[in-house]
Amino acid sequence: MLEERYSPHAIEVKWQKYWEENKSFKVEMDKDKPKSYVLEMFPYPSGNLHMGHVRNYSIGDVVARFRTMKGFNVLHPMGWDSFGMPAENAAIKHGIPPKKWTLENIANMTRQQKALGLSYDWDREVATCKEDYYKWTQWFFELFYKKGLAVKKKSAVNWCDTCNTVLANEQVIDGKCWRCDSVVEKKDLEQWFFKITDYADELLKDLDLLEGWPERVKTMQRNWIGRSEGLEFSFEIPELQEKVAVYTTRPDTAFGVTYVVLAAEHPLVEKICANNPKAVEIKAFCDKVRNQSDIERTSSESEKEGIFTGVYAINPFTGRKVQIWITNYVLYDYGTGAVMGVPTHDSRDWMFADKYGLEKIVVINPKDKELKLEDMTDAYEEKEGVLVNSGKFTGMEMHEGMQAIMDEAEKMGIGSRHVNYRLRDWLISRQRYWGAPIPIIYCPHCGEVLVPEDQLPVRLPEDVDFNAGSVSPLATSESFVNCTCPKCGAPAKRETDTMDTFLCSSWYYLRYTDPKNDKAPFAKKANQYWGPVDQYIGGIEHAILHLLYSRFFLKVLRDAGMVDYDEPFANLLTQGMVIKDGAKMSKSLGNVVSPEEILEKYGADTARLFIMFAAPPERELEWSDQGVEGSFRFLNRVWRIVYNYLPQLEQKVTSYDTAGLTEADKELRRVVHGSIKKVTADIDKRFNFNTAISTMMELVNALYAYKEAKQEANAGLVYEAISALLRMLAPFVPHITEELWRGAVDADSSVHAQKWPEYSEDALKVDNVEIVLQVNGKVRGRLTVPAAATKEELEKIALADANVQTHIGDAKVMKIICVPGRLVNIVAK
RNA sequence: GCCGAAGUGGCGGAAUUGGCAGACGCACUUGACUCAAAAUCAAGCGUAGUAGCCCUACGUGCCGGUUCGAGUCCGGCCUUCGGCACCA
């Protein structure tokens, strides 16, 4: 029996319990049904859900429930990205073991998620910190290792002193640590890398396949990968009997080279210093540059500095002797770590040449004029022009010259065409405790040895000192470090670093397809059925990090034959932030609204409805307490109208005779079917949940208007309207619709097990339409005409209109434009 | 500097293919109900002119263009947000 008043808490608890006990959202493979894999980015178990989570999960839940009703077999799982620093910090600060802290947080956040009424298959839950998960993370490390994609190498890496660990390039934002904002230092260390650069070209190219991704995210990834094409060629250094290779994207300016610059770390520096009277000075300069932080070094505003080495190189194209300099503005780890200096056509070189009085030669002229050095105030960098002062290439158009000079370099054997990427290899080792240990053993005889597969997982020890400093806390556990070599049995030592948590999250979406498998990370069959993710939903902050790493991971697995598609996420929706008073919710601003507080006051359905209604999903969402109030009001309105129509619904009349409908009936029927058409398209094609909801509000308004109409309600029509309304609202507000469905439509079935409603074209038809009368494009009147009116009839009616005639006045009618069903426009002069 | 997204009432936002700008909601105003208030139901609500309706003019960041007709298309700017940036 349906209560007269809507009381959210009682019904929400009731249906949540029912769904849980009945495992209502459990799914299995079913070859007879089309599948859909809907996934929200799994959270870090920080302890409490925030509004961003609620938004993320509400969007996912609407999509999942909608597709289920549309007949898809929907995979909609949830899990935990549960390794990471906060757990370790809790251990350091409060002495709570990371595992305990993490599991308690997971328990609390799971409770909060369940209170939102989300349709997850909880049997598929994964947590990356659990042994049955990180065992496979380690297994993947071994796979990458065997394929030569996991390598240990020494290089200058990013070090965060606050977090006591190295960081990947992607985790350094503006020279600062992504997590704690401390300035990152460079350190020369031997570390484990994943060779993501091997896949740079494919990661770039395949972005074109991702039609269902936002342009913004693809652009960010393109920028990050940073592909450039150019020429790599060498200058001879006769006095050292050496060569120095440079990389340039402007080979057309090769005849304008007046000097060569090296990065301070360049290996030639040492040779240059041997028997060099300026050796002490040069070394001091290089030390100074190397000690600058990345921020100082790479800021384009900072002063360019350099020192002349006293050594010369020969430009292979001109035979000219040019000075070799060392500077702070050349990056050692991009290209060859050395650059040719062309002051006239590169503004950085211009500044440098000005400062140190180096020669300038014009080698490109704009198409229509001649450059004169004395008139120039900066380099000419435009991408069009004609070569001059360039030997046999003089007179060539710039792009033609570029190709010709590259051909020449290849012919001369001094260089070749080359592609460079900004993307660097992914540094995956971390000197931290709460992560998956790297499954490597160092043996004094055999060297680096993988832990045999049957000995995985390498378990995290518990007897560690979390304040170990610049080494991983794992190094303080004797029982962990000391082991025997799997190959020769000699005493050996374990690797003590753990893996970047982004590695754990690079494959979790695959585990969901087969979460309990203890023979493999997932069965190929399960993945063939469920994969790839059809709709991925998450924050834009992962545009590069997680989304790039996952794409890389999947391509490696594809090449290993484990999956047979190219991209992990076919469609991506990046939701906007939830803000209040114009700013991101934060403790320091005091503008945080906690989900629990809203749930307590209004219930989950109101919270979900408001979040879906207040803004389109990709945009920022401005929190409004009054808006929440409005959503609550709407749900009450829905409740009341259903309650009001109980007498009609109880007759169980489920059909009606279309011939016997009154005008009011027809109008309601038209709104019902029009709503079904629009709501379906808004959810399915456009993800415009806000307009879907506004359409349903209009439907509710129409039901109120129908109630006011001076006639008896048509029970069959009312049944159709209420039944469609509840089904369409069900993905958004699952509890209230379930209660109303069972109480007013069908006590024995769940609204969530129903088919999505369908509309009939026939019901959309109208007898009369209102058309707009225009004179010269301006609206001068409105008329209701039969929908079937012909062009000729419309023209006649339009010309007869009094106001239209006033506006035509004495002018002559030139022509009449008729858009049936919309307007008549009279062009008069 | 390069790349991307966006600019519409007091506010959040609609207008999907070039065809009535402002759907829906919030806020506000009024009426009904009530002793009263809340809740609810009904109505109004871009700006200006008009007591008021009708009506008229203006109105989607700015300037221009195409078109019978432009929030929407084209050219040129401005502003805001986001990404990359000494990447040769």
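Quick note on labels: first sequence line is chain A, next is B, and so on, each numbered from 1. A quick note: this is a predicted structure, and the numbers were derived from the prediction, not measured.
- Distances shown here put a side-chain N or O of A:R422 below 4.0 Å from the OP1 or OP2 atom of B:A85.
- The gap from the C1' atom of B:C11 to that of B:A88 amounts to 50 Å, rounded to the nearest Å.
- The pairing partner recorded for B:G44 is B:C28, the criterion being a Watson-Crick or G-U wobble arrangement whose two distances lie under 3.5 angstrom.
- In terms of phosphate contacts, A:Y329 brings no side-chain nitrogen or oxygen within less than 4.0 Å of OP1 or OP2 of B:A88.
- As judged by a 4.0 angstrom heavy-atom cut-off over every strand, A:H345 is placed among residues making no nucleic acid contact.
- Pair check for B:G59 finds none; no Watson-Crick or G-U wobble contact set falls under 3.5 Å.
- Dashed line: the shortest gap from a side-chain N or O of A:K304 to OP1 or OP2 of B:C86 is not under 4.0 Å.
- Below the 3.5 angstrom threshold, one finds a donor paired with an acceptor across the side chain of A:N825 and the base of B:C68.
- For A:R780 and B:C55, the shortest distance from a side-chain N or O to OP1 or OP2 is not below 4.0 Å.
- Distance, A:Q626 CD to B:G10 C1': 12 Å, rounded to whole Å.
- Residue contacts shown for A:P214 are absent, as no nucleic acid heavy atom lies under 4.0 Å away.
- Residue A:S624 is out of contact with every strand shown, counting any heavy-atom pair closer than 4.0 Å.
- A sub-4.0 Å separation between OP1 or OP2 of B:A23 and a side-chain N or O of A:N701 is absent.
- In B:G9 the O4'-C1'-N dihedral to the base is within 90° of 0, which defines a syn nucleotide.
- Both the sub-6.0 Å distance and the 45° axial angle are satisfied by A:R422 relative to the ring of A:W224.
- Between B:A88 and A:S228, a contact under 4.0 Å exists linking OP1 or OP2 to a side-chain N or O.
- A:W325 and A:Y356 have tilted rings, their planes meeting at an angle from 30° to 60° on a 0 to 90° scale.
- Using C1' as the reference atom, B:G18 and B:G25 are 28 Å apart when rounded to the nearest Å.
- Note: A:W178 and A:F502 have tilted aromatic rings, judged against thresholds of 30 and 60 degrees for the angle between ring planes.
- Using cut-offs of 30° and 60° on the angle between ring planes, the pair A:F317 and A:F255 is tilted.
- Residue contacts for A:V330: at a heavy-atom cut-off of 4.0 Å it reaches a base atom on one of the strands shown.
- Residue contacts shown for A:R637 are limited to sugar-phosphate atoms, with no base heavy atom under 4.0 Å away.
- Look at the P atom in both B:C45 and B:G52: the space between them is 13 Å, to the nearest Å.
- Residue A:R640 places at least one side-chain N or O under 4.0 Å from the OP1 or OP2 atom of B:C41.
- Phosphate proximity of B:A27 to A:R633: present, with a side-chain N or O under 4.0 Å from OP1 or OP2.
- The base-pairing partner of B:C2, taking Watson-Crick or G-U wobble contacts with both distances under 3.5 Å, is B:G83.
- Pairing for B:G19 is with B:C68, a Watson-Crick or G-U wobble pair whose two hydrogen-bonding atom distances lie under 3.5 Å.
- Taking atom C1' on both nucleotides, B:U17 is separated from B:A32 by 45 Å, rounded to a whole Å.
- A sub-4.0 Å separation between OP1 or OP2 of B:U56 and a side-chain N or O of A:N803 is present.
- With C1' as the reference atom, B:C24 and B:A36 are 33 Å apart, rounded to whole Å.
- Residue A:K707 is classed as having no contact, given no heavy-atom separation below 4.0 Å to the nucleic acid.
- Within the structure, every side-chain polar atom (N or O) of A:R619 is placed at least 4.0 Å from both OP1 and OP2 of B:C81.
- In summary, the aromatic rings of A:F233 and A:F235 are positioned with their centroids under 6.0 Å apart.
- Put simply, A:K778 has a side-chain N or O that comes within less than 4.0 Å of OP1 or OP2 on B:C58.
- The shortest side-chain heavy-atom distance between A:V157 and A:K186 does not fall under the 4.5 Å cut-off.
- Base-pair partner of B:A37: not found among the strands shown (Watson-Crick or G-U wobble, both distances under 3.5 Å).
- No close placement of the A:F632 and A:F634 rings is indicated, their centers lying 6.0 Å or farther apart.
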